[in-house]
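To start, the structure itself, in structure tokens.
Letters A, B, ... are given to chains in the order of the sequence lines, protein chains preceding strands, and every chain is numbered from 1. Basis for what follows: all heavy atoms, side chains included, without hydrogens, waters or symmetry-related copies.
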Amino acid sequence: MMPKLPLIICLAGRGMAMVELEVAGEVLVARLFGEIDLKVADDLRSTLERALDNFPVRHLVFDFEGVSFIDSTGLGVILGRYKRLADADGRLGVTGLGLSVRRVLELSGILRVAEEFGSRAEALEAFGGGDAGA
Amino acid sequence: MMPKLPLIICLAGRGMAMVELEVAGEVLVARLFGEIDLKVADDLRSTLERALDNFPVRHLVFDFEGVSFIDSTGLGVILGRYKRLADADGRLGVTGLGLSVRRVLELSGILRVAEEFGSRAEALEAFGGGDAGA
Amino acid sequence: MLNRFRLEFPSRPENVALARVTVAAFAAQLDPTVEELNDLKGAVSEAVANAIVHGYDGAPDGIVIVEGILYGDAIEVRVEDSGKGMEDVARAMEPEFSTDPERLGLGFSFMQSFMDRVEVESSPDRGTRVVMRKQFAPRH
Amino acid sequence: MLNRFRLEFPSRPENVALARVTVAAFAAQLDPTVEELNDLKGAVSEAVANAIVHGYDGAPDGIVIVEGILYGDAIEVRVEDSGKGMEDVARAMEPEFSTDPERLGLGFSFMQSFMDRVEVESSPDRGTRVVMRKQFAPRH
Ligand SMILES: Nc1ncnc2c1ncn2[C@@H]1O[C@H](COP(=O)(O)OP(=O)(O)O)[C@@H](O)[C@H]1O
Ligand SMILES: Nc1ncnc2c1ncn2[C@@H]1O[C@H](COP(=O)(O)OP(=O)(O)O)[C@@H](O)[C@H]1O
């Protein structure tokens with residue numbers, strides 16, 4: 001059994017959390033916040049990579065509830081991390097899609113690859129991640 | 001007895017109400033909205049002047065609750081209208097002061113001239129404007 | 001005279017948001033819907049990110065110029081860099097074409113989805129200009 | 001290289017808000033408090049309104065230039081017009097001095113209250129430049 005990872009908070013610039021990560025079993029859950037664009041892309045990428053390097057993650061869940069804006073640079077970071085897992089039958093879950101986020105997820109085709117859930121808890125249940133994030 | 005004036009709504013630019021006026025007895029009550037700067041100054045001035053021309057107003061009440069920003073141009077419009085009434089013992093009431101509005105009202109000295117009230121209704125009661133705006 | 005603005009800033013990642021906000025504040029004069037404003041911000045974000053990432057290869061000291069012009073109920077936005085430019089604009093604009101494996105190659109597609117018209121002028125070593133236009137639904 | 005921007009727009013009343021929003025979005029990179037941001041917006045509003053109302057006598061086709069530069073935790077904002085300028089800057093900056101009876105003459109006083117430093121260069125028929133600086137409380 002994997003221990004539940006203590007919350008990792010990654011700060012974007014001065015004091016604003018841009019992502020909070022939690023590992024539950026084989027699922028990495030990332031709650032995104034604010035504007036996900038070029039400004040935070042490098043930090044977000046390396047934060048996610050570090051988590052994937054250090055934990056035996058199979059599936060990814062992104063919670064966009066706190067996201068006010070995301071562009072193709074931000075989506076590239078997400079899809080890039082998912083590609084690491086896709087070959088090993090990894091699944092990609094998304095939740096918390098506001099109007100503008102849904103629009104770009106649709107345009108990018110991510111909504112055809114990802115499974116949408118009503119909450120992080122539902123995603124975790126579907127992906128077998130136990131009760132974390134509930 | 002003055003009839004209670006039907007609500008006058010003045011539109012600033014495209015669709016945004018910048019001021020709503022109501023005359024109750026001898027009191028003109030102006031609810032301001034949005035950003036009160038050079039963009040709306042001329043319209044606001046002429047709207048207030050028209051009301052002062054057409055009704056026997058003695059006292060003025062400004063409700064800033066809906067105001068997100070005001071600068072010295074906006075304050076000038078308010079003080080200018082009050083000057084018309086000050087010689088005839090007119091009173092100036094203000095209400096709904098958020099932090100930023102309070103700051104500029106203080107800096108401008110208006111808070112030394114004006115009486116602050118907890119609501120439009122309280123201002124009207126103090127100025128003898130009857131029950132309008134309650 | 002039509003209303004317009006010109007904004008210049010160095011090619012730093014944090015200025016993508018500056019460009020978005022400025023264009024949105026300018027467009028707000030046309031009282032657009034939330035969706036129209038989101039689309040506009042999305043298009044600006046793509047074009048400015050491209051200027052920084054591709055035009056200047058991520059170097060923070062290039063100059064990016066964003067201009068906006070209001071024509072009636074329409075807005076034109078131009079995003080310009082003096083960076084490395086492109087050999088083949090048509091190719092670059094194909095969906096999922098990217099010279100950077102970390103990127104999706106969807107920037108131009110997004111701009112085209114968000115705006116009514118997107119024109120790109122570019123020449124190698126001289127730079128790139130993206131001219132976009134969007135007609136807002138009349139609000140009168 | 002320090003981060004900076006330069007914004008140009010015609011002297012139309014609706015562009016006072018554009019200048020406020022752009023400066024605020026730029027300053028947001030320093031993560032200022034709401035009060036600091038309000039002060040900054042207030043100062044910009046006063047300087048830009050002056051450029052339009054006094055510098056260009058309300059004509060909408062003058063060019064106003066707003067620049068911002070970040071120095072550590074401080075911001076410098078410059079507002080420039082090529083309008084009619086002033087003979088006597090010291091006099092103009094006195095509280096309640098105004099050449100327009102409809103105005104309060106408090107614009108420069110407000111700028112001085114809102115910012116740490118305000119410098120004005122002006123020459124008749126050439127124009128006016130207001131340079132303001134504000135140090136934000138360190139947020140680290
Ligand atoms: N401003 C620019 N300067 C130079 N090349 C550019 C510029 N904008 C786009 N390109 C080229 O066009 C390609 C496609 O751009 P785009 O559709 O935005 O996708 P992406 O940015 O994801 O690569 C880029 O990979 C790049 O090679
Ligand atoms: N940009 C400018 N160009 C020309 N004159 C100016 C400019 N800014 C200010 N002034 C002059 O300085 C005076 C005082 O300015 P200020 O303190 O802002 O008060 P107000 O704008 O209310 O008159 C103005 O009345 C005007 O004569």
Do the side chain of C:E46 and the main chain of A:S72 share a donor and acceptor less than 3.5 angstrom apart? yes

Given heavy-atom pairs under 4.5 angstrom as the criterion, report whether the side chain, backbone, both or neither of A:L75 touches chain C. both

Please indicate whether C:L2 has more than 12 foreign heavy atoms, meaning atoms of other residues, nucleotides or ligands, lying under 6.0 Å from its CG. yes

Check whether any side-chain heavy atom of A:R103 lies under 4.5 Å from a side-chain heavy atom of C:D39, and answer yes or no. yes

Count the heavy atoms belonging to other residues, nucleotides or ligands that lie under 6.0 Å from CD of A:E65, then report whether that count exceeds 12. no

Measure the spacing between CZ of C:R12 and CG of A:L38 and express it to the nearest 0.5 Å. 12.0 Å

The interface call for C:E35 against chain A, heavy-atom contacts under 4.5 Å, is side chain

Assert top hit (heavy-atom pairs under 4.5 Å, partner chain C, pool A:V77, A:I70, A:V104) equals A:V104

Give a yes or no on this: more than 12 heavy atoms of other residues, nucleotides or ligands lie within 6.0 Å of atom CD of C:E94. yes

If you draw a 6.0 Å radius around CZ in C:R4, do more than 12 non-hydrogen atoms from other residues or ligands fall strictly inside? no

For the CZ atom of C:R20 and the CG atom of A:D71, what is their distance to the nearest 0.5 Å? 6.5 Å

What verdict does the side chain to side chain contact (heavy atoms under 4.5 Å, CB included) test give for C:V53 and A:T73, after you've listed the backbone C-alpha separation in whole Å, the side-chain angles of each residue and the deciding distance to 0.1 Å? CA-CA 10 Å; C:V53 170; A:T73 303; 5.6 Å; no

Measure the OG-CG distance between C:S113 and A:L107 for me, rounded to the nearest 0.5 Å. 4.5 Å

dist C:L37:CG -> A:S100:OG (nearest 0.5 Å) comes out at 11.0 Å

